[in-house]
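Please read the structure below before turning to the comments.
Note that ligands are numbered from 1 as they come in the structure, with each ligand's atoms numbered from 1 the same way.
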Amino acid sequence: MLDRVKFKLNCMNIHSVSTQPFPDQKPGTSGLRKRVPVFQQRNYLENFVQSIFDSLEGYQGQTLVVGGDGRYYNRQAIQIILKMAAANGFGRVLVGRGGILSTPAASCVIRKNKAFGGIVLSASHNPGGPEGDFGIKYNIGNGGPAPEKVTEAIFDRTKTIEGYQILEVEDVDLDGLGTAQLGEMTVEVIDSVADYAELMESIFDFDRIRQLFAADFRLCVDSMHAVTGPYAKTIIEEKLGASAGTVINGTPLEDFGGGHPDPNLVYAHELVDILYGENAPDFGAASDGDGDRNMILGRRFFVTPSDSLAVLAANAKLVPGYSGGLAGVARSMPTSAAVDRVAEKLGIDCYETPTGWKFFGNLMDAGKVTLCGEESFGTGSDHVREKDGLWAVLFWLNILAVRQQSVEDIVREHWKTYGRNYYSRHDYEAIESDRANTLIENLRAKLASLPGRKLGNYTVDYADDFSYTDPVDGSVSNKQGIRIGFTDGSRIVFRLSGTGTQGATLRLYLESYESDPAKHDIDPQEALGELIEIADEVAQIQMLTGRDKPTVIT
Ligand code: VG1
Ligand code: CO
């Protein structure tokens with residue numbers, strides 16, 4: 001009798017809502033990213049969330065982690081997800097206080113609590129606010145982004161979905177720690193920072209870094225009004241003793257203060273001005289909207305992300321968490337080969353994967369790699385399954401504390417040992433999709449004719465559309481970017497972004513290698529000048545995009 005009453009109650013609370021599919025819910029490089037008004041359409045978010053659940057098996061009674069970067073629509077989205085998770089049979093949801101979890105912290109919480117998976121709400125470095133971008137991504141039980149097999153199943157489901165399940169209840173209070181009951185499901189509002197801070201403390205030599213700060217070392221961390229503020233303040237100011245004010249723009253705002261939380265030389269100009277100004281601190285770092293990216297600056301010195309990965313790999317043994325050495329390293333295909341040279345010297349494997357963090361997960365789960373990174377300001381290790389901005393800053397701090405040298409000296413010494421990989425990325429943002437596709441199609445048609453051809457002072461060694469076979473599960477990912485390699489090791493790479501929300505973005509990646517230390521002081525745009533011209537000649541960028549210069553150069 002009691003059971004029947006309970007059953008009836010459940011039936012009354014769970015609503016099945018009929019819907020029609022939306023045609024545009026294809027997850028890109030990092031989940032589904034659209035403008036906020038798109039997400040606010042009736043049933044738009046609900047359809048995607050139900051499509052995620054419908055593509056999973058075995059989650060009944062299990063734990064789900066939910067959190068986001070705090071941007072506009074984060075709180076509303078979380079309420080919807082909680083009610084849908086309850087209606088679909090999850091047993092427990094862990095949600096960061098205020099709905100806040102940085103992407104690496106979400107990965108950490110999933111792993112630590114052996115959750116079934118997690119939903120991360122973010123459009124990363126894209127601007128936020130009512131007219132800005134929003135995003136949603138599903139992470140699997142290893143804490144990393146779902147592999148293509150899963151994201152494709154989700155996309156297929158979005159095309160046929162007819163309805164979703166949601167519990168009709170009041171909103172959950174997200175601002176106090178503690179538990180709430182949603183039907184049969186428990187919601188636990190957890191401290192957003194604690195688990196992550198504990199993990200960092202287990203990897204790095206906090207005592208040594210404390211001594212560094214005690215000895216007047218000065219750091220400036222720009223959280224860009226985004227999610228890392230609370231993490232950086234707790235770890236760097238409170239636990240490591242950096243002076244108050246070390247973290248700037250440290251309160252997450254729904255619109256990131258109107259800024260573009262993308263840690264590069266263009267958008268993080270406030271930090272750049274500080275590090276290149278009078279009385280500059282020793283070290284500067286910035287992170288993006290969801291805290292997975294990092295930019296590293298020394299005093300009047302910029303470290304490219306590709307070089308940063310190589311320096312971390314070369315110095316890993318100085319950090320307690322990696323003192324036993326690295327199993328291997330991995331980089332995305334467009335990332336410079338600087339880390340390859342370190343791997344060679346260390347005698348470890350180096351893997352080249354397509355762009356996007358999801359490809360690193362299998363390699364890490366299989367114990368093949370410890371460190372990995374991307375040219376797009378992403379670095380990470382097997383401590384979680386996402387790239388991790390603050391982790392990279394702490395890694396650098398640990399190295400600086402041990403080596404007692406400046407950032408610039410460490411990088412220059414690195415170049416002396418391994419040579420310098422000049423590197424730059426040129427982005428052509430929001431171009432017409434048709435034009436971008438034509439450009440790529442034209443290039444594809446040309447590939448076979450390029451090898452052996454002389455272009456300026458360079459001779460083409462190979463030209464292909466990058467295809468990756470996962471060494472762990474054998475899955476194949478095709479069309480991951482056009483590469484033109486030259487006989488001297490220089491490269492030009494073209495690919496279209498999978499994270500933009502307006503038109504298409506063409507990315508041109510340029511790399512050339514210089515072993516002679518006497519030539520390590522050239523401006524990268526100059527060092528890469530001829531390759532830039534060759535890229536335009538081969539791909540007809542100016543003519544086909546209608547642009548005479550890139551939107552952003554990093
Ligand atoms: C970009 C970067 C890529 C990164 C992805 C997600 O993708 O190039 O390296 O993994 O963003 O980063 P695309 O497809 O636009 O080039 V994040 O910090 O936005 O999650
Ligand atoms: Co990000």
Side-chain angles (χ1 to χ4, degrees), residues 26-34 68-71 101-107 120-128 132-139 144-146 148 151 223-224 226-228 231 256 260-264 267-268 286-295 304-306 309 330-336 352-361 372-380 384-392 425-431 436 440 466 477 479-482 493-509 551-552 554:
K26 186 174 173 54
T29 318
S30 240
L32 181 68
R33 289 190 186 163
K34 299 281 173 195
D69 62 11
R71 67 178 61 224
L101 279 177
S102 76
T103 294
S107 185
V120 183
L121 302 166
S122 169
S124 191
H125 54 288
N126 295 7
D133 287 344
F134 191 74
I136 174 168
K137 177 172 82 157
Y138 179 69
N139 281 25
E148 274 188 351
T151 54
S223 288
M224 303 189 83
V227 80
T228 54
Y231 295 87
F256 307 126
H260 199 139
D262 196 353
N264 60 40
Y267 294 120
S287 34
D288 71 332
D290 61 329
D292 55 1
R293 297 187 180 203
N294 71 92
M295 177 170 73
T304 70
S306 298
L309 174 63
R331 61 165 172 84
S332 68
M333 182 273 281
T335 303
S336 98
E352 185 176 36
T353 61
T355 294
W357 213 258
K358 59 189 167 203
F359 296 97
F360 295 132
C372 47
E374 298 190 281
E375 50 65 41
S376 54
F377 298 84
T379 344
V384 289
R385 292 293 181 275
E386 289 278 4
K387 53 188 182 272
D388 190 343
L390 267 180
W391 166 90
R425 184 175 106 181
H426 291 194
D427 294 330
Y428 293 80
E429 292 177 352
I431 52 181
I440 296 291
F466 183 57
S477 305
K479 301 190 172 182
Q480 297 296 322
I482 310 270
V493 174
F494 302 87
R495 60 177 281 283
L496 298 182
S497 157
T499 60
T501 57
Q502 275 165 299
T505 292
L506 170 72
R507 303 203 195 284
L508 164 66
Y509 310 82
T551 326
V552 179
T554 44

Using a 4.0 Å cutoff against the non-hydrogen atoms of R507, which atoms of ligand 1 qualify?
8 (O), 13 (P), 15 (O), 16 (O)
Walk me through it: do Y231 and L101 pass the test side-chain contact (heavy atoms from CB on, under 4.5 Å)?
CA-CA 10 Å; Y231 295 87; L101 279 177; 4.0 Å; yes
My understanding is that we take every heavy atom of each candidate and find the minimum distance to atom 7 (O) of ligand 1. Doing that for T505, D69, T499, which one comes out nearest?
T499
Under 3.5 Å, N or O to N or O, is S497 touching ligand 1 that way?
yes
What lies under 2.8 Å from the Co ion (ligand 2), restricted to protein N/O/S atoms, is S124 OG, D288 OD2, D290 OD1, D292 OD1
Could you list which atoms of ligand 1 come closer than 4.0 Å to a heavy atom of G356?
10 (O)
To the nearest 0.1 Å, how far is atom 11 (O) of ligand 1 from its closest protein heavy atom, and which atom is that?
R293 NH2, 2.9 Å
For atom 3 (C) of ligand 1, which candidate among G389, G481, S376 provides the closest heavy atom?
S376
Within the structure provided, determine whether K137 and E386 are in side-chain contact (heavy-atom separation under 4.5 Å).
yes
Evaluate T355 for polar contact with ligand 1, using N/O atom pairs at a separation under 3.5 Å.
no
Check whether any side-chain heavy atom of H426 sits under 4.5 Å from a side-chain heavy atom of L506, and report yes or no.
no
So, E352 and R331, do they make that salt bridge, N to O below 4.0 Å?
yes
With the side chain counted from C-beta on, respond yes when D427 and Y509 share a heavy-atom pair under 4.5 Å apart, and no when they do not.
no
Could you see which bit of T29 sits under 4.0 Å from ligand 1, with heavy atoms only: side chain, backbone, both or neither?
side chain
Number the atoms of ligand 1 from 1 as they appear, then name those within less than 4.0 Å of a heavy atom of D292, with their elements.
17 (V), 18 (O), 20 (O)
Can you tell me if S287 and T228 form a side-chain donor-acceptor pair at under 3.5 Å?
yes
Between D288 and ligand 1, which residue portion shows a heavy-atom distance shorter than 4.0 Å: side chain, backbone, both, or neither?
side chain
Just so I know, are the side chains of P127 and F256 near enough to count as touching, which here means a heavy-atom distance under 4.5 Å?
no
Side chains of Y428 and R507: any donor to acceptor distance under 3.5 Å?
no
Heavy-atom side-chain proximity of R293 to P305 below 4.5 angstrom:
no
Heavy-atom distance under 4.5 Å between the side chains of V493 and L508, does that happen here?
no
R495: heavy atom below 4.0 Å from ligand 1, yes or no?
yes
Please determine, by modelled atom types, if T554 and N264 share a side-chain donor-acceptor pair under 3.5 angstrom.
no
G498: numbered ligand 1 atoms lying under 4.0 Å from its heavy atoms:
13 (P), 14 (O), 15 (O)
Answer yes or no: does an N/O atom from L496 fall short of 3.5 Å to an N/O atom of ligand 1?
no
Nearest non-hydrogen protein atom, atom 17 (V) of ligand 1
S124 OG, 2.8 Å
Ignoring hydrogens and angles, tell me if any N or O in the side chain of D388 forms a donor-acceptor pair with the backbone of A392 under 3.5 Å.
no
Answer with yes or no whether the side chains of E148 and S477 bring together a donor and an acceptor at under 3.5 Å.
yes
Tell me whether R71 is salt-bridged to D133, with the criterion being a basic N under 4.0 Å from an acidic carboxylate O.
no
Show me which atoms of ligand 1 lie under 4.0 Å from any heavy atom of S30.
6 (C), 20 (O)
Can you list the atoms of ligand 1 that are under 4.0 Å from a heavy atom of R33?
17 (V), 19 (O), 20 (O)
Candidates H125, E374, R425, E429; heavy atom nearest atom 8 (O) of ligand 1 found on R425
Using a 4.0 Å heavy-atom cut-off, say whether M333 meets ligand 1 through its side chain, its backbone, both or neither.
neither
Are side-chain N/O atoms of D69 and T103 paired as donor and acceptor at under 3.5 Å?
no
